[in-house]
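Here is the structure we will look at, set down as structure tokens.
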Amino acid sequence: MVAKVKADLLIVGMGAAAEMCALYAHDCNPDLKILIATKALRGKGGCSRMVQGGFNVVLNTADSHEKHLMDTLKGGQYINNQELAKTLVEQATPTIKEMETKFGCFFDRNPDGSIHQKPFAGQSYDRTVHKGDLTGIEMISRLTEQVMKRGIPVMEETRAVELLLDDSGQMVTGALLFNMRSSEFVVVEAAATLVATGGGPTHYRFHAPGPEKSADGIAMLYRAGAEMKDMEMLQFHPTGLIVPSSVVAGALLEEGLRGSGAHLYNGLGERFMLKYAPEVGERATRDVVSRCSYLEMIAGRGCPEGGVHIDASHLGADFVLKNFPGMAERCAQFGYDLARRPVPVSPTAHFFMGGAVIDTSCQSTLEKLFVAGEDAGGVHGANRLGGNGICDSSVYGRQAGKAIGKFLSNGNRTTKEARPGMAEEIIARLMKPLGRSSGADPFEVRKQVQELNWKKVGVARQESDLTEALSEIASLRKCVDTLKVTGSLSYNMMYNNSLDILNMLDASELIATSARERQETRGAHFRQDFPTQRDDYGLFNIHLRRGADGHPQVEKKPVAFTYKSVEECQKYKK
């Protein structure tokens with residue numbers, strides 16, 4: 001028998017979106033039984049904690065929600081869900097204030113005591129709130145304290161492996177969890193479920209998220225039947241550290257460094273961004289800088305380490321060490337001196353702009369299933385502005401908590417059982433690698449997935465590569481059916497890698513399928529065979545559902561220009 005636990009609200013993940021949801025749902029109704037399941041230790045994992053740069057928010061009277069909205073739509077190349085984008089910028093202001101006054105987060109100050117806001121790329125006003133370059137640690141530390149203060153239980157080192165459904169297949173009844181400590185599977189039956197695992201495109205050679213990330217939420221949502229969108233829009237951050245043979249290869253040097261005046265140079269010593277974007281140089285948006293760096297690399301003009309160089313030395317060592325201590329320390333750990341010498345960097349897989357379809361209350365297309373943060377799509381369109389990511393997680397975690405608290409307080413606290421035998425079928429399938437006497441090594445297959453995506457579904461794409469990638473993904477699925485895992489299940493990295501690969505392959509197929517469908521270049525999606533953005537063709541979102549054959553079924557839907565017309569977006573200049 002599989003152990004069962006009941007909860008009013010199950011939250012999968014423990015980053016900013018998850019913790020904000022837990023806090024607001026609890027404060028709406030302290031009687032609610034809330035359960036958080038996190039793959040890491042509480043407060044120690046996830047992408048939110050890794051945020052260096054900051055949180056975009058309108059606080060100054062010289063700024064406006066209108067400007068923030070237009071910057072967000074312009075950055076997203078007009079295909080954002082405008083309802084979601086408008087909610088993001090308007091609710092960011094009360095959210096950041098409540099994070100300080102209710103939850104104890106404290107951000108850097110100006111001499112007059114007002115919150116300091118710094119410049120970030122792609123914005124018309126300096127609106128990025130921060131705590132040095134360690135903003136995420138401040139936020140997650142304080143939010144975790146508040147979760148503990150309220151006595152909200154947390155299942156640590158426990159990963160969700162599948163969402164559970166009722167007989168109709170349209171209602172989520174909870175999730176099947178795997179406790180990596182005890183090696184036990186647990187069924188959680190919940191009246192409402194929030195998926196907020198934080199995305200994490202680690203299925204590329206260079207990636208910014210921590211190694212525990214593996215697109216779990218994206219894949220589980222897709223397999224459960226949730227409608228997905230914009231999966232071709234995967235952001236590559238332009239400045240990931242090059243650290244050979246290290247799990248931190250791809251770790252970020254954040255946006256504020258370029259915003260403060262750091263320069264990028266190719267292997268010939270040329271400041272190449274002045275060629276591609278002469279008006280803004282290195283302060284161009286992430287998609288532009290990543291693409292330009294990649295083009296320099298494949299043209300043979302990369303630096304000896306294989307990428308390009310970022311150089312902040314001209315800003316002065318004292319300035320760099322004072323304003324970017326976390327990055328300077330990280331670089332020093334690998335023998336680089338950020339304050340005084342160039343540092344090698346490469347574009348690095350960073351963020352899913354795509355994800356589950358949601359409304360402004362974070363309700364998905366399945367009953368009783370809510371999604372917030374990077375697992376949800378639509379807010380950012382074709383490209384996310386730096387500083388809008390942790391803003392998204394915090395704002396929509398708050399939105400979810402308020403909506404779910406109200407939903408559960410209105411007589412909706414009844415749990416339902418999953419389809420009979422569903423959990424047992426999943427467990428039997430996931431345990432197969434342990435019974436094999438021979439088979440493929442999960443660590444090697446993971447590397448194959450990463451190399452495939454980097455080379456054929458990466459910064460620059462073309463139809464032939466995408467078609468080959470889909471074929472190779474199908475072959476790798478057959479390989480996964482032969483995976484062999486040894487040892488006991490408790491803290492078994494090999495076994496957890498086998499679970500990761502299943503999610504990585506689903507995410508890979510969604511991205512490659514969508515990327516092949518969009519025959520133009522837009523935002524983070526760069527097609528070498530269709531290098532032009534075409535607003536006469538491309539103002540649509542690609543929606544995907546899992547078909548009966550197990551593969552994505554595609555539907556293109558026109559963008560709804562709810563608040564701003566395409567002409568207003570096109571004419572807008574920062």
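We number each residue from 1, following the sequence as shown.
Considering CD1 of Ile218 and NZ of Lys213, their distance stands at 11.0 Å, rounded to 0.5 Å. Between Thr87 atom OG1 and Gln82 atom CD the span is 11.5 Å, to the nearest 0.5 Å. Between Leu499 atom CG and Asp216 atom CG the span is 8.5 Å, to the nearest 0.5 Å. For the atom pair CG of Leu234 and NE2 of His525, the computed distance is 12.0 Å after rounding to the nearest 0.5 Å. Considering CE of Met231 and CG of Leu510, their distance stands at 5.0 Å, rounded to 0.5 Å. Distance check: Thr72 OG1 to Leu84 CG gives 12.0 Å after rounding to the nearest 0.5 Å.
Listed here is the closest heavy atom pair of Cys391 and Ala92: SG-CB, 3.6 Å. Summarising the geometry of Ala372 relative to Gly397, their closest heavy-atom pair is CB-N, 4.2 Å, with the distance given to 0.1 Å. Closest heavy-atom contact between Asp392 and Gly373: OD2-O, 4.0 Å. Minimum heavy-atom separation, Glu227 to Thr365: N-OG1, 3.0 Å. Among all heavy-atom pairs drawn from Ala18 and Ala196, the shortest one is N-CB, 4.0 Å. The shortest heavy-atom contact between Ala512 and Leu470 is CB-CD2, 3.7 Å.
Note: Phe352 and His203 have parallel aromatic rings, judged against thresholds of 30 and 60 degrees for the angle between ring planes. In this structure, His314 and His263 have parallel ring planes: the angle between them is below the 30° cut-off, well short of the 60° mark.
If you check the side chains of Asn388 and His380, you find no donor sitting under 3.5 Å from an acceptor. A donor-acceptor contact closer than 3.5 angstrom links the side chains of Asn266 and Glu270. Gln533 and Asp535 share a side-chain donor-acceptor pair at under 3.5 Å. Side-chain N/O atoms of His65 and Glu90 include no donor and acceptor closer than 3.5 Å. Side-chain contact, Gln235 with Asn383: a donor N or O sits under 3.5 Å from an acceptor N or O. Using a 3.5 Å distance cut-off with no hydrogens or angles, the side chains of Lys39 and Ser214 do pair a donor with an acceptor.
In this structure, the side chains of Leu544 and Ser514 come closer than 4.5 Å at one or more pairs of heavy atoms. Using a 4.5 Å heavy-atom threshold, the side chains of Arg527 and Leu466 count as touching. When side chains are defined from C-beta on, Asp133 does not count as touching Leu257, because their heavy atoms never get closer than 4.5 Å. Residues Phe561 and Glu568 fail the side-chain proximity criterion, which asks for heavy atoms closer than 4.5 Å. Using a 4.5 Å heavy-atom threshold, the side chains of Phe272 and Arg301 count as separate. The closest side-chain heavy-atom distance from Tyr265 to Pro342 is not below 4.5 Å. Between Tyr336 and Pro344 the shortest side-chain heavy-atom distance falls below 4.5 Å.
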Yes or no on side chain to side chain contact (heavy atoms under 4.5 Å, CB included) for Ser508 and Val449, after CA distance, side-chain angles and deciding distance? CA-CA 8 Å; Ser508 300; Val449 174; 4.1 Å; yes
Kindly determine whether Thr467 and Arg516 satisfy side chain to side chain contact (heavy atoms under 4.5 Å, CB included), including the steps that lead there. CA-CA 8 Å; Thr467 299; Arg516 191 169 63 170; 3.2 Å; yes
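Ionic pairing of Arg271 and Glu282 is present here: one or more N-O contacts between side-chain nitrogen and carboxylate oxygen are shorter than 4.0 angstrom. Arg49 has no carboxylate O lying under 4.0 Å from a charged side-chain N of Glu212, or vice versa, which leaves the two without a salt bridge. Taking the charged nitrogens against the carboxylate oxygens, Lys447 and Asp441 have no contact shorter than 4.0 Å, which rules out a salt bridge. By the 4.0 Å N-to-carboxylate-O rule, Glu232 lies too far from Arg461 to be salt-bridged with it. Ion pairing between Glu374 and Arg384 fails under the 4.0 Å rule for side-chain N and carboxylate O. Ionic pairing of Glu520 and Arg534 is not present here: no N-O contact between side-chain nitrogen and carboxylate oxygen is shorter than 4.0 angstrom.
For Lys275, the NZ atom is densely surrounded, since the number of other residues' heavy atoms within 6.0 Å is greater than 12. Within a 6.0 Å sphere centred on NZ of Lys455, other residues, nucleotides and ligands contribute 12 heavy atoms or fewer.
Aromatic rings of Tyr204 and Phe236 (six-membered ring for Trp) have centroids within the 6.0 Å cut-off, being under it.
Seen from the ring of Phe530, Arg522 does not count as a face-on cation partner, given the 6.0 Å and 45° thresholds. Both tests do not hold together for Lys74 against Tyr572: distance to the six-membered ring centre under 6.0 Å, angle to the ring axis within 45°.
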Distance-only check: which donor-acceptor pairs under 3.5 Å involve side-chain atoms of residues 302-313, not counting sequence neighbours?
residue, atom, partner, partner atom, Å
Glu305, OE1, His309, NE2, 3.2
Asp311, OD1, Ser313, N, 3.0
Asp311, OD1, Ser313, OG, 2.7
Asp311, OD2, Ser313, OG, 3.4

